[in-house]
Amino acid sequence: MDSDSDSDGSHVSSTPPRHPPQPSPLPSRRALLFTAKSRTQAKNTSITSTKSSRPILRPKPSTKQPRKNPPSNPKTLENPIQNPQNPSSLPFQIHKNDTISSEVLPNLTKNASCSKPLIQNPLSPPKFSDLPFQIHRNDTLLSNDNSSGEVLPAGGLCVSKFASFSKTRKAILNLEPAEADPIEPRLAQQTEKKEAVVRKHPNLIGSNVSSSLPVKKVKCVNEGNFVRLNINGYGKKFASKFKRRNSNSSSGKKFYRRWKKKVGVVGKEGEGGNGLCDEEGLVVEVKGRGGERLDFDTKLIGDAVMRVRNEASDENLLRLLKLTFGYDSFRDGQLETIKMVLSGKSTMLVLPTGAGKSLCYQLPAMVFQGVTVVISPLISLMIDQLKQLPAAVEGGLLCSSQTPEEVLETYKLLEEGSIKVLFVSPERFLNSEFLSIFCDTQISLVVIDEAHCVSEWSHNFRPSYMRLKASLLRDKLGAQCILAMTATATTKTLYSVMHALDIPSSDLIQAVKPRDNLQLSVSLSENRMKDLMTLLKSSPFSEAKSIIIYCKFQFETDLICKYLCDSNISAKSYHSGIFAKERSRTQELFCANKIRVVVATVAFGMGLNKKDIDAVIHYSLPESLEEYVQEIGRAGRDGRISYCHLFFDDVSYFKTRSLMYSDGVDEYVVNKLLCQIFSGSTNPAGKICSLIKESASRKFDMKEEVILTILTQLELGEVQYLHLLPQMSVTCTLNFHQTSPALLAMKDAVVSAILKNSVIKDGQYIFDIPSVANSTRLQVNDLSNHLQTLKLKGEVTYELKDQAYCYVIMEVPKDICSLATWLTKWLSEVESCKVRKMDTMYDAAVFAAEACDKVHGCLGRQHTPCLQRKIAEYFISGTEVDVPKKIGGSSPFLTADIKVFLQCNSQAKFTPRAIARILHGIASPAFPSATWSRTHFWGRYMQTDFKAITEAAKAELLNIVGKDSIKQGHSQD
Ligand SMILES: Nc1ncnc2c1ncn2[C@@H]1O[C@H](COP(=O)(O)OP(=O)(O)OP(=O)(O)O)[C@@H](O)[C@H]1O
């Protein structure tokens, strides 16, 4: 049975360690100095001295203990007064506006209706400074003013806030009045009639919680849910058809049997009749999340949904939760979020990884009459989320790897109303066909998963997420409510996400405190490989059965993996350079505990819901505290004590820090790019332009992602200069086979346009798709269909290449130069923000390893308290550090080295930024590492400030240009 330590803010000492230490027979002197409190903590900790590798206090290898669940402490949740001295026993807090200071959030309106603190403890009002982590509820936290003494009911719900909820809901959902309780009598009947088997869901909190709901049979089968294994929608097609025939009619039964055979549903064959229906309605037995078979009764669930529609009370929601998910209680933040969403309030939800954010849209999706659209950044993540939907919620997926038939099938199911939750990528919003389907389909809720990607100030900014503005979601999709979810966002990031999505600051629900069951340790390492092997051989890591090792570079993952395999540790590496099939195989093996270690880059982990990962080791310093928190959050999702170790060293820090400069741009290059983008501006409106990704990237020495960011900003900024279209391959090479080209052109206007726009090479006609589309006034899709028809007739064969960004110009900027200045400034701020994030991560590691005074519970290499404090400071107060002293301002040899470098490479054309990148060892599209890492100067100035190098290079280039022009002047004389 799984457990969870998030729910009650429980502490390390209340969570059973994976390998409970035996008391040391001869405690070290240091151990004897512990206070009672620190002793409890230390008991659960593997602690070794920084100086010597000899353990001061280390748990003995475990005498295997059965898994215990951390106490889910409903009392503490309900009444914080019971534990007044322990601020962390406070319930979950809802973050109200004021938590974000008014300077940071100047535009966000405050919500008067929620001006009272939700969480208060009249005996001992918590002070921010007292708390190990920020309490996230506005006034409670920052003002320390909780004079009203109002105590929250369980779950921290603000009652007043939802007083008028039921009325609002009725108005929104246009529901019939509540019927007499149809569920209670049935439950009683059912309980009498059948053997009452207590429903035990694998994800229940606490082993002793049981549901009063009876279930019919629980046995184990393979993992997964049949509905969602058919990701292309076929399963749902049958499921929905069957649902519509949900009666005792023989055709319905026949259909069900066929469907069952096809998708592998286990019906209730043995229990009277064919088991399709009983008096409660349809009983379908499906595979639960943990692989066990769960029954759900569609009638009971339907009734529970109706009750929530009529009144979204705690009781009704809990009933629906139990029936659908098998859980006995909501976790912190879930109930509040669900209520906000159901009342139609757009909400920003920040909960740690593994805290159960998905449920906050899954449950409302059942209640809403329209579709819930979930926007996710990765296909693999979407598939995982689809698999994790409860059986009673029908899901669908639209992604680029589907065939056109599969996409059409999904559209059809949507139209039929057979999809409740639809997963899409943000790129889908460029597709007008996709947007048009929502003219007839009501969207009740749009969920933005990993919502920090919306903000350029986040660690994971995605240009395609910029499109997800409230205006688009509300005006174009008609979305009634937006739920933005993330596990990691600083106040600045949150502000920009909420601003873009038009979410008022009052509707922020936040708990950034990392889980208490994670033991964080840090060490500065001179020889990381050696230290890693030592760590893996020593307790508690030697007992860990499931470990992720995060590395910065792909080659490191392969190297370490090989090393581990040679040392008889079963391991596999995982990075984006490995084929997708092999990667998913690795993930499967890891989830099935068939391999012990996955050595991975950042590519691994998103959406990974393996609960029993015992340890996460960072072989390299993460790029930000956000990344660190996200990655350690993979460990201990079952609530048991788990171990997270961070290795760092200066060399790898400098190397990673340098990489933060890969996305920067120079103003005059941006200027040139803008000129090219708008070069087609003489075209009449509506003409399609394209920019081939690879060649533009090389020409402007800009990453493709950066070009896309600029294009997206040109579309979504204050003035809409262009309209982006979906990306496509634009160069077509075509061969004619039957009819001669000239003859065919006489009959076919498209062929005629192709001949006019083509270059003939070796008998092949090479043309640009947008040019032909423009001259025929066809849409690109229609042109593609036409070519396809000619191909089917045997007239032509063709090949497409050159992926390009396609767009239509809406308005030509009046002043390209100032637009270039503005864009460059914006991108350089984004770049500086990334560098500061890296510096803050490094600073936290250095502080823990070298400066921590160890008076607050840190011991040896174990630095859970001080790291958690650093994390809280960073996420809440936005504390960032200055440039570390180790980064030198300049160097006496710099100018001389740049001179020599330029002399040695006089054949190449450089920009100051290109020189600075080479000196920092950063590859770029025009200066790939394959060529330039051979130079003697590659990465030589990693420790020197990047801007200082750029300035020195600029001066030297100007010097050369000056000399050249003087030379030219002399020769002209
Ligand atoms: N109320 C609950 N009671 C018990 N288990 C729950 C509850 N809510 C969610 N869970 C379980 O918690 C696990 C993590 O949930 P989920 O994947 O939604 O987390 P998350 O916050 O989205 O994490 P991440 O940020 O890593 O994606 C799931 O296995 C889910 O079944």
Side-chain angles (χ1 to χ4, degrees), residues 1-8 69-70 72 74 77 92 154-155 199-207 209 211 223 225 288-292 294 314 317-318 320-338 349-363 365 374 376-378 380-391 393 421 423 447-453 460 483-489 509-512 514-515 518 548 591 604-613 616 626-627 629-639:
M1 173 117 11
D2 297 295
S3 59
D4 164 64
S5 67
D6 303 336
S7 54
D8 59 355
N69 297 297
S72 89
L77 271 175
F92 174 82
R199 179 191 288 265
K200 282 190 179 177
H201 196 278
N203 298 322
L204 285 178
I205 306 175
S207 55
V209 244
S211 162
E223 63 173 82
N225 175 328
R289 290 158 186 237
E292 80 295 1
L294 295 174
D314 292 11
L317 285 166
L318 197 61
L320 185 57
L321 177 83
K322 281 181 185 176
L323 282 170
T324 318
F325 296 83
Y327 302 147
D328 275 303
S329 58
F330 285 103
R331 283 180 177 175
D332 292 344
Q334 287 181 332
L335 189 61
E336 295 82 345
T337 311
I338 290 169
L349 175 65
V350 189
L351 290 181
T353 48
K357 292 183 282 298
S358 317
L359 190 121
C360 300
Y361 68 77
Q362 291 170 346
L363 196 142
V374 182
S376 264
L378 296 175
S380 59
L381 188 58
M382 279 192 254
I383 295 174
D384 282 344
Q385 287 170 328
L386 190 62
K387 283 185 189 169
Q388 281 161 30
L389 277 183
V393 183
V421 179
F423 293 92
V447 180
I448 303 178
D449 198 12
E450 309 295 341
H452 55 267
C453 299
N460 244 342
L483 172 63
M485 310 193 307
T486 178
T488 44
I509 295 180
Q510 183 178 29
V512 295
R515 276 180 278 118
L518 302 181
I548 304 179
C591 288
F604 186 65
M606 231 192 219
L608 178 74
N609 195 15
K610 179 168 163 55
K611 292 173 183 241
D612 56 355
I613 296 174
V616 167
E626 284 99 320
E627 195 180 303
V629 167
Q630 193 132 24
E631 288 169 352
I632 58 172
R634 300 282 143 224
R637 284 161 91 105
D638 56 5

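Remember, it's 1-based here, ligands and their atoms both numbered in the order they're listed. We count residues from 1, following the sequence as given.
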(request) Over all heavy atoms of both residues, which pair between L349 and C360 is shortest? Give the atoms and the distance, please. (result) CD2-SG, 3.7 Å
(request) Give a yes or no on whether the backbone of L378 and the side-chain of S376 come within a donor-acceptor separation of less than 3.5 Å. (result) no
(message) I'd like to know whether ligand 1 has S329 as a neighbour, heavy-atom separation below 4.0 Å.
(response) yes
(message) Any heavy atom of R634 closer to ligand 1 than 4.0 angstrom?
(response) yes
(message) Within the 4.0 Å heavy-atom shell around S358, which atoms of ligand 1 are there?
(response) 16 (P), 17 (O), 18 (O), 22 (O)
(message) How close do V616 and A635 get, counting heavy atoms only, and between which atoms?
(response) CG2-CB, 3.7 Å
(message) Regarding atom 30 (C) of ligand 1: of the candidates Y361, F325, Y327, which has the closest heavy atom?
(response) Y327
(message) Working to the nearest 0.5 angstrom, can you tell me the gap between D612 CG and K610 NZ?
(response) 3.5 Å
(message) With rounding to the nearest 0.5 angstrom, report the CG to CG distance, D314 to L335.
(response) 4.5 Å
(message) Which option wins on minimum heavy-atom distance to atom 15 (O) of ligand 1: G333, G326, S376, G356?
(response) G356
(message) Give the atom numbers and elements of ligand 1 that come within less than 4.0 Å of a heavy atom of P352.
(response) 21 (O)
(message) Does only the side chain of Q334 get under 4.0 Å from ligand 1, or the backbone, or both, or neither? Count heavy atoms.
(response) side chain
(message) Regarding ligand 1, does G354 bring an N or O atom to under 3.5 Å of one of the ligand's N or O atoms?
(response) yes
(message) Any nitrogen or oxygen of A355, side chain or backbone, less than 3.5 Å from one on ligand 1?
(response) yes
(request) Return yes if a side-chain donor-acceptor contact under 3.5 Å exists between S358 and Q388, otherwise no. (result) no
(message) Check for me whether Q630 has a heavy atom closer than 4.0 Å to any atom of ligand 1.
(response) no
(message) Regarding ligand 1, does A487 bring an N or O atom to under 3.5 Å of one of the ligand's N or O atoms?
(response) no
(request) Measure from the side-chain N and O atoms of Q334 to the backbone N and O of G356, and report whether any donor-acceptor pair falls under 3.5 Å. (result) yes
(request) Measure the distances from the heavy atoms of R637 to every atom of ligand 1 and state whether one is below 4.0 angstrom. (result) yes
(request) Taking K357 for its side chain and P352 for its backbone only, find out whether a donor-acceptor pair lies under 3.5 Å. (result) yes
